[in-house]
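Some notes on the structure that comes next.
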Amino acid sequence: MARTIEPLIVGKVIGEVLDMFTPATNFTVHYGSKQVANGCDIKPSMAVDRPKVQILGPRVSTNLYTLIMVDPDAPSPSEPSLREWLHWIVVDIPEGSDATKGKELVPYMGPKPPTGIHRYIFVLFKQKSEMMVGCPPPDARGNFRTRQFAAQYELGLPVAAVYFNSQKEPATKKR
């Protein structure tokens, strides 16, 4: 993942979901063999199972991270009345590890865009300490606020983010 935020600005991730930040950590997101790159297209059928998310860095580090995945275009990009739809939260992910080494606060939900092209954003925050103690899951997936969650748990600005686009797949015709 390149440490550039320009695609996040062009894709309106910065502004609609995140505040301006300086990337400070590298991480990769893979659905099978496909690596998520800003603005790439991934079909919902390719993203049914949770992706492999790897935080790059030394395993000897004591740094912990929080990963959040949201869809700011729910239920439709023209009328995002449920912005942001929460798809996944994993906390206490050790640097140099993948998300399975963290604690899943909200279980993964794959993309299911009903209409239009939706953006699915992975946001990474560096934690000040372990989060699981006293960190209840959000009440609902709809109208989640990444900024508010980060403020509530003193996560500060993101250290990395990447997003992909997805849209409803045509139904397969049975003959």
Side-chain angles (χ1 to χ4, degrees), residues 1-9 11-40 42 47-72 83-111 119-141 144-164 166:
M1 182 195 87
R3 286 192 185 191
T4 177
I5 59 168
E6 187 176 331
L8 298 173
I9 295 169
K12 297 184 179 174
V13 170
I14 291 179
E16 291 183 2
V17 178
L18 304 175
D19 293 324
M20 186 68 76
F21 70 96
T22 301
T25 302
N26 282 322
F27 78 122
T28 58
V29 180
H30 286 88
Y31 283 102
S33 62
K34 182 165 177 86
Q35 182 170 342
V36 174
N38 284 317
C40 74
I42 295 181
V48 171
D49 297 322
R50 69 179 177 211
K52 179 172 180 164
V53 178
Q54 182 75 35
I55 300 170
L56 307 177
R59 287 181 190 256
V60 294
S61 170
T62 58
N63 292 333
L64 295 172
Y65 293 87
T66 292
L67 174 74
I68 298 174
M69 178 186 175
V70 294
D71 169 5
R83 174 178 292 164
E84 301 152 29
W85 186 267
L86 179 62
H87 281 264
W88 199 24
I89 297 181
V90 184
V91 299
D92 298 338
I93 307 167
E95 186 169 8
S97 298
D98 66 76
T100 62
K101 303 289 189 245
K103 297 173 184 109
E104 199 171 59
L105 191 62
V106 175
Y108 177 79
M109 171 191 276
R119 296 164 294 165
Y120 293 87
I121 305 164
F122 293 93
V123 187
L124 194 66
F125 293 94
K126 186 175 177 182
Q127 298 172 202
K128 291 186 168 105
S129 61
E130 260 191 76
M131 291 242 332
M132 257 337 259
V133 180
C135 183
D139 295 333
R141 289 184 185 256
F144 178 79
R145 298 282 183 257
T146 300
R147 287 180 180 106
Q148 186 178 334
F149 183 88
Q152 182 178 350
Y153 294 102
E154 299 179 358
L155 295 172
L157 291 171
V159 293
V162 67
Y163 80 98
F164 68 91
S166 193

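Values below: all heavy atoms of this structure, side chains included; hydrogens, waters and symmetry mates excluded.
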Results of ring pair (Phe, Tyr, Trp, His ring centres under 6.0 Å) for Y31 - residues two or more places apart only: F164
message: Taking salt bridge (Lys or Arg N to Asp or Glu O under 4.0 Å) as the cut-off, I'd like each qualifying pair that reaches into residues 14-28, sequence neighbours left out, listed once.
response: E16-R83, E16-R119, D19-R147
Side-chain heavy-atom pair [X], [Y] within 4.5 angstrom cut-off:
X    : Y    : result
Y120 : V29  : no
P72  : Y163 : no
F21  : L8   : yes
P138 : V106 : yes
V159 : F27  : no
T100 : R50  : yes
F125 : Y153 : no
I68  : L86  : yes

- prompt: Using the ring of each side chain (for Trp, its six-membered ring), is F144 parallel, tilted or perpendicular to F149, with breaks at 30° and 60°?
  reply: tilted
When rounded to the nearest 0.5 angstrom, what is the spacing between [atom1] in [X] and [atom2] in [Y]?
X    : Y    : atom1 : atom2 : value
M109 : W88  : CE    : CH2   : 13.5 Å
L18  : I121 : CG    : CD1   : 6.0 Å
T146 : M69  : OG1   : CE    : 11.5 Å
L155 : T66  : CG    : OG1   : 5.0 Å
K101 : L64  : NZ    : CG    : 14.0 Å

Any idea which heavy atoms bring [X] and [Y] closest together, and the distance?
X    : Y    : answer
G96  : Q54  : O-NE2, 3.3 Å
P7   : N38  : CB-CB, 3.5 Å
E95  : L56  : OE2-O, 3.9 Å
G156 : A150 : O-CB, 3.8 Å
L105 : C135 : CD1-O, 3.2 Å
I5   : P23  : CG2-CG, 3.4 Å

query: Any sub-3.5 Å donor-acceptor pair from E130's side-chain atoms to D92's backbone N or O?
result: no
- prompt: Can you check whether E154's main-chain N or O pairs, donor with acceptor, with K128's side chain at less than 3.5 Å?
  reply: yes
- request: Could you check M20 against I9 for side chain to side chain contact (heavy atoms under 4.5 Å, CB included), going step by step and ending with a plain yes or no?
  value: CA-CA 9 Å; M20 186 68 76; I9 295 169; 3.8 Å; yes
message: Between E84 and V17, does the side chain to side chain contact (heavy atoms under 4.5 Å, CB included) criterion hold? Intermediate values first, please.
response: CA-CA 8 Å; E84 301 152 29; V17 178; 3.8 Å; yes
message: Which residue in the set L67, V90, I93 passes side chain to side chain contact (heavy atoms under 4.5 Å, CB included) when paired with V53?
response: L67
